[in-house]
**Q** 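Dumping the structure here so I can ask a few things about it.
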Amino acid sequence: MKTRNLYIVTYGCQMNVYDSTCLEASMRKRGWNLAESQEGADFIFLNTCSIREKAARRVIGHLKRLKALKLKNPALILGVGGCVAEQEGRKLLDEVPWLNLVVGPGRLSEIPLLVENLTSDMPPIVLSGQAPLAQPEPPAQPGPALDSGQRDLSDFEEIDPRPAPIGSFLTIMTGCDNYCAYCVVPYLRGPERSRPREEVLAEARNLVSRGSVELTLLGQNVNSYGRAGHRGGEDFVDLLTEVSKIPNLLRLRFTTSHPKDFPPALVGLFGKLPSLCEHLHLPLQAGSDRILAAMGRRYDKNRYLSLVSALREACPDLALSTDVIVGFPGETEEEFLQTVDLLETVRFDFIFSFKYSDRPMTKANSLPGKIEENEKQRRLTHLQAVQKTITLEKHQALIGQSREVLVEGFGRKAGQLSGRTRDLKLVNFDGPASLMGRLATVTILEAWPVSLIGQLSSDRPSAPQNLN
Ligand code: SAH
Ligand code: SF4
Ligand code: F3S
């Protein structure tokens, strides 16, 4: 039989990137190849994000553009997954009737079998909700459900003799129980479920054995991994410690951490586990206590600042990044300026900042005091200008210093390599392609707002190849 080709487009968060990798592995196992372009595909899958209105509209735009391809090739199977699929479900078919599959993230593992048995003249299939767990929770272990039904571990162990990426993502828990007032994720990704420790460890070892030297453990709130509610974050601390012991793993990261669930034992791992990198993403969202309470974040400004102090005490070189929302319903100018103040106090290395966007089902959606679009834009521009200066100053302070860079790609200019420092700074420098996937020692020469320019150090040899 003719081999069939798959084309996946991934929007949204790193968890979607991970899910797309799982889907790709599973499809390859069934004999599918990756298409080089949408035009050469038998199955196009858009893995989508609905975190803000704009993200969701972007997906609809893409789907509408795919109509032309579908007309040219009626056998083409078009599928939508991820959070827009979960949110819109069957309604997507009203806007995009040429779709064949709409599958929410909790049903991802059902796609390969579905696609194999699907022809484009069949009525569209819509699946949402969470797939039933494959194994019932052992009765002796109370706590949140362990999610072992989502993906097939054998996908990672047998079929994929191919090298894994230099840096890989690994989802350790799915869903979210926090219900922040602005956020649609808990409604779309379901309740928190942690994957069994042994399954995560086996997958981590497998990724490293296939060449990944950096792993990022993923979840909407990784700190509540396992039975954190009962054991104060010990399960995550234990998992992180175990993963860090994998031979040949050079760098370990995790994201995202909710500040309300950050135990001292986790703070203490920074600067202690050699592979744990000196960077933490710690979403702040707002600098005003009233807004934080209205957002349902369950920490205040002082608690956030104490956590930052504890982290910097444990690891003085720790780089911090954050997420901030401007224009939450009812946010006054003064409350907005408290967010700006906090950015100046903490001096994050970089931030992701967003205009508040109404999302269906959320508590904030029905709150009074919505802020005008122009005003939200003004606040965002102001805040980003303040942060740009801080980031640039932090970058300039690195000029003349030497940094370890993991080479992960090529820069824009010919002969240029690109990689990240342990504290997640992007560095471009001239060097041989043979350094790909390896650590290089680089001296920083130039600072820009989003990246640094460096020079490969000639005085110190770059670290030896540390792959299997
Ligand atoms: N679980 C993570 C992040 C989830 S989404 C956490 O707890 O922080 C990533 C970021 O998108 C959030 O941190 C928030 O800053 C932003 N975001 C989420 N919902 C939003 C909304 N309705 N409008 C604007 N930004 C939003
Ligand atoms: Fe959304 Fe809050 Fe959950 Fe993060 S912790 S995914 S912001 S509800
Ligand atoms: Fe987007 Fe869903 Fe991730 S809304 S951010 S793809 S969990």
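Both ligands and their constituent atoms are indexed starting at 1 by order of listing.
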**Q** Quick one, Phe350 and Thr322 - any side-chain contact, counting heavy atoms below 4.5 Å?
**A**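 Of all side-chain heavy-atom pairs linking Thr322 with Phe350, none is under 4.5 Å.
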
**Q** Under the side chain to side chain contact (heavy atoms under 4.5 Å, CB included) rule, what do Arg420 and Val427 come out as? Steps first, then yes or no, please.
**A** CA-CA 6 Å; Arg420 293 202 180 259; Val427 186; over 6 Å; no

**Q** For Ile51, is the nearest heavy atom under 4.0 Å from an atom of ligand 1?
**A**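 Yes, that is the case, since the closest heavy atom of the residue is under 4.0 Å from the ligand.
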
**Q** Select one of side chain, backbone, both or neither to describe which atoms of Gln220 lie under 4.0 Å from any atom of ligand 1, heavy atoms only.
**A**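 Both the backbone and the side chain of Gln220 come within reach of ligand 1.
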
**Q** If we check salt bridge (Lys or Arg N to Asp or Glu O under 4.0 Å) with Glu203, which of these qualifies: Arg195, Arg210, Arg197?
**A**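 When Arg195, Arg210, Arg197 are each tested with Glu203, the salt bridge (Lys or Arg N to Asp or Glu O under 4.0 Å) holds only for Arg195.
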
**Q** For ligand 2, which atoms have a heavy atom of Val185 less than 4.0 angstrom away?
**A**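 This gives 6 (S) as the contact atoms.
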
**Q** Please could you name the atoms of ligand 1 that Lys355 approaches to less than 4.0 Å, counting only its heavy atoms?
**A**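 In order of number, 23 (N), 24 (C).
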
**Q** At a 4.0 Å cut-off, with the gap strictly under it, does some heavy atom of Ile51 reach an atom of ligand 3?
**A**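 The answer is yes: ligand 3 sits under 4.0 Å from a heavy atom of Ile51.
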
**Q** Side-chain donor-acceptor pair under 3.5 Å between His62 and Gln38, yes or no?
**A**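 Present: a donor and an acceptor within the cut-off.
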
**Q** Any idea which atoms of ligand 1 are less than 4.0 Å away from a heavy-atom of Tyr356?
**A**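 Numbered from 1, ligand 1 contributes 23 (N), 24 (C).
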
**Q** Would you check whether Arg189 reaches within less than 4.0 Å of ligand 3, judged by its heavy atoms?
**A**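 Distance cut 4.0 Å: Arg189 passes for ligand 3.
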
**Q** Where the closest heavy atom to atom 6 (S) of ligand 2 is concerned, which of Gln220, Arg359, Met295 has it?
**A**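 The option holding the nearest heavy atom is Gln220.
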
**Q** Check for me whether Thr48 has a heavy atom closer than 4.0 Å to any atom of ligand 3.
**A**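 The answer is yes: ligand 3 sits under 4.0 Å from a heavy atom of Thr48.
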
**Q** Using a strict cut-off of 4.0 Å, indicate which atoms of ligand 2 neighbour a heavy atom of Tyr179.
**A**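 Every atom of ligand 2 under 4.0 Å from some heavy atom of Tyr179: 8 (S).
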
**Q** Have Ser309 and Glu313 got a donor and an acceptor in their side chains that come within less than 3.5 Å?
**A**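 Per modelled atom types, Ser309 and Glu313 side chains form no pair under 3.5 Å.
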
**Q** Under 3.5 Å, is there a donor-acceptor pair between the Thr332 and Glu335 side chains?
**A**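 Present: a donor and an acceptor within the cut-off.
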
**Q** Which atoms from ligand 2 have a heavy atom of His258 less than 4.0 Å away?
**A**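 Those of ligand 2 that fall under 4.0 Å from His258 are 5 (S).
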
**Q** So for Ser50, does at least one of its heavy atoms come nearer than 4.0 angstrom to any atom of ligand 3?
**A**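 Yes, Ser50 has a heavy atom closer than 4.0 Å to ligand 3.
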
**Q** Would you mind telling me if ligand 2 is within reach of the side chain of Glu192, the backbone, both or neither, using heavy atoms under 4.0 Å?
**A**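 Near ligand 2, Glu192 shows nothing, with every heavy atom at 4.0 Å or more.
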
**Q** Gln285 near ligand 2, heavy-atom distance under 4.0 Å?
**A**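 No; Gln285 lies far enough from ligand 2 that no heavy-atom distance drops under 4.0 Å.
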
**Q** Distance under 6.0 Å and angle within 45° of the ring axis: does Arg52 meet both against Phe354?
**A**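 Yes, Arg52 sits over the ring of Phe354.
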
**Q** With the side chain counted from C-beta on, respond yes when Leu207 and Leu215 share a heavy-atom pair under 4.5 Å apart, and no when they do not.
**A**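 Answer yes - side chains close enough.
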
**Q** Specify side chain, backbone, both or neither for Gln220, according to which of its non-hydrogen atoms lie closer than 4.0 Å to ligand 3.
**A**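 Side chain only.
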
**Q** Within ligand 1, which atoms have a heavy atom of Thr256 less than 4.0 Å away?
**A**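 With Thr256 as reference, the close atoms of ligand 1 come out as 2 (C), 6 (C), 8 (O).
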
**Q** Can you tell me which portion of Tyr182 lies within the under-4.0 Å heavy-atom range of ligand 2? Options are side chain, backbone, both, or neither.
**A**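 For Tyr182, only side-chain atoms sit under 4.0 Å from ligand 2.
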
**Q** Write out the residue and atom name of the closest protein heavy atom to atom 6 (S) of ligand 3, then the distance separating them to 0.1 Å.
**A**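 The answer is Asn16 ND2, 3.4 Å.
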
**Q** Can you name the atoms of ligand 2, numbered from 1 with element, that are less than 4.0 Å from a heavy atom of Arg297?
**A**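 Ligand 2 atoms under the 4.0 Å threshold to Arg297: 2 (Fe), 7 (S).
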
**Q** Starting from atom 8 (S) of ligand 2, find the nearest protein heavy-atom neighbour and note its residue, name and distance.
**A**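 Protein heavy atom at minimum distance: Cys180 N, 3.3 Å.
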
**Q** Any side-chain donor paired with an acceptor under 3.5 Å for Ser321 and His279?
**A**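 Per modelled atom types, Ser321 and His279 side chains form a pair under 3.5 Å.
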
**Q** Hey, mind stepping through Asp349 and Leu424 against side chain to side chain contact (heavy atoms under 4.5 Å, CB included) and telling me if it holds?
**A** CA-CA 9 Å; Asp349 291 73; Leu424 214 61; over 6 Å; no

**Q** Quick test: of every protein heavy atom, which one is nearest to atom 19 (N) of ligand 1, and how far off is it to 0.1 Å?
**A**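 The closest one turns out to be Tyr182 CD1, 3.3 Å.
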
**Q** Identify the closest protein heavy atom to atom 21 (C) of ligand 1: which residue and atom is it, and at what distance?
**A**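 For this ligand atom, the closest protein heavy atom is Ser357 O, 3.6 Å.
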
**Q** Answer with yes or no after comparing the ring centroid distance for Phe254 and His281 against a 6.0 Å cut-off, counting only values under it.
**A**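 Aromatic pair excluded; centres sit 6.0 Å or further apart.
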
**Q** With a cutoff of 4.0 Å, is His281 in contact with ligand 1, counting heavy atoms of the residue only?
**A**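 So His281 does not count as touching ligand 1.
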
**Q** What protein heavy atom is closest to atom 2 (Fe) of ligand 3, reported as residue, atom name and distance in Å?
**A**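 Protein heavy atom with the smallest distance to atom 2 (Fe) of ligand 3: Cys83 SG, 2.2 Å.
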
**Q** Under 4.5 Å between any side-chain heavy atoms of Arg297 and Tyr182, yes or no?
**A**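 Sidechains of Tyr182 and Arg297: in contact.
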
**Q** In this structure, does ligand 1 have an atom that sits under 4.0 Å from one of the heavy atoms of His258?
**A**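 Contact absent.
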
**Q** Nearest non-hydrogen contact with atom 26 (C) of ligand 1 belongs to which option: Lys54, Arg52, Gln285?
**A**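 Nearest heavy atom to atom 26 (C) of ligand 1 lies in Arg52.
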
**Q** Please examine the side chains of Gln338 and Lys301, heavy atoms only from C-beta on, and report whether any two atoms are closer than 4.5 Å.
**A**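 Contact flag for Lys301/Gln338 side chains = no.
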
**Q** Below 4.0 angstrom from a heavy atom of Arg359, which ligand 1 atoms are there? Numbered from 1 as shown, please.
**A**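 Matching atoms, with element in brackets: 22 (N).
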
**Q** Can you tell if the side chain of Val326 reaches within under 4.5 Å of the side chain of Ser353, non-hydrogen atoms only?
**A**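 A side-chain contact is absent here, since even the closest heavy-atom pair is not under 4.5 Å.
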
**Q** I need the nearest protein heavy-atom contact for atom 3 (Fe) of ligand 2: residue, atom name and distance, please.
**A**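 Nearest protein contact, heavy atoms only, for atom 3 (Fe) of ligand 2 is Cys176 SG, 2.3 Å.
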
**Q** Can you find a pair of side-chain heavy atoms, one from Leu273 and one from Lys245, that are under 4.5 Å apart?
**A**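 Not in contact.
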
**Q** Regarding Ser357 and Glu53, is there a side-chain donor-to-acceptor distance under 3.5 Å anywhere?
**A**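 No, no side-chain donor-acceptor contact under 3.5 Å.
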
**Q** For ligand 1, indicate whether the residue Pro283 contacts it via side chain, backbone, both or neither (heavy-atom separation under 4.0 Å).
**A**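 Looking at Pro283 and ligand 1, just side chain atoms fall under 4.0 Å.
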
**Q** Regarding Thr174 and Glu192, is there a side-chain donor-to-acceptor distance under 3.5 Å anywhere?
**A**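 No, no side-chain donor-acceptor contact under 3.5 Å.
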
**Q** Taking C-beta and beyond as the side chain, do Arg298 and Asn178 meet within less than 4.5 Å on heavy atoms?
**A**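 Side chain of Arg298 against side chain of Asn178, heavy atoms only: contact under 4.5 Å found.
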
**Q** Strictly by modelled atom types, are Asp261 and Asn221 linked by a side-chain donor-acceptor pair under 3.5 Å?
**A**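 Asn221 and Asp261 do have a side-chain donor-acceptor pair below 3.5 Å.
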
**Q** Compute the minimum heavy-atom distance from Ile325 to ligand 1 and say whether it is under 4.0 Å.
**A**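 Contact check Ile325 vs ligand 1: positive.
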
**Q** Heavy atoms only, cut-off 4.0 Å: how does Pro186 contact ligand 2, side chain, backbone, both, or neither?
**A**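 Side chain only.
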
**Q** Any non-hydrogen side-chain atom of Phe236 less than 4.5 Å from a side-chain atom of Leu266?
**A**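 They are in side-chain contact.
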
**Q** Taking atom CD as the centre, does Glu36 end up with more than 12 heavy-atom neighbours from other residues, nucleotides or ligands that are less than 6.0 angstrom away?
**A**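 Result for CD/Glu36: open.
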
**Q** Which of the numbered atoms in ligand 1 are below 4.0 angstrom from a heavy atom of Arg297?
**A**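 So the atoms of ligand 1 that pass are 7 (O).
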
**Q** With heavy atoms under 4.0 Å as the rule, classify the contact between Phe354 and ligand 1 as side chain, backbone, both or neither.
**A**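 Within the 4.0 Å criterion, Phe354 contacts ligand 1 through side-chain atoms alone.
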
**Q** Looking at ligand 1, does any of its N/O atoms fall within less than 3.5 Å of an N/O of Asn221?
**A**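 N/O-N/O distance below 3.5 Å does not exist for this pair.
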
**Q** Atoms of ligand 3 less than 4.0 Å from Cys49 heavy atoms?
**A**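 In order of numbering, the contacting atoms are 1 (Fe), 4 (S), 5 (S), 6 (S).
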
**Q** So which protein heavy atom does atom 3 (Fe) of ligand 3 come closest to, and at what separation?
**A**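 Scanning the protein heavy atoms, the shortest distance from atom 3 (Fe) of ligand 3 goes to Cys13 SG, 2.3 Å.
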
**Q** Take a 6.0 Å sphere around CZ of Arg378 and say whether it holds more than 12 heavy atoms from other residues, nucleotides or ligands.
**A**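 Above 12, so yes.
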
**Q** Give the atom numbers and elements of ligand 2 that come within less than 4.0 Å of a heavy atom of Asn178.
**A**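 With Asn178 as reference, the close atoms of ligand 2 come out as 5 (S).
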
**Q** Is Glu86 in contact with ligand 3, taking contact as a heavy-atom separation below 4.0 Å?
**A**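 In this structure, Glu86 fails to qualify as a contact of ligand 3 - no heavy atom is under 4.0 Å.
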
**Q** Give the residue and atom name of whichever protein heavy atom lies nearest to atom 1 (Fe) of ligand 2, and the separation in Å to one decimal.
**A**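 Protein heavy atom at minimum distance: Cys183 SG, 2.3 Å.
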
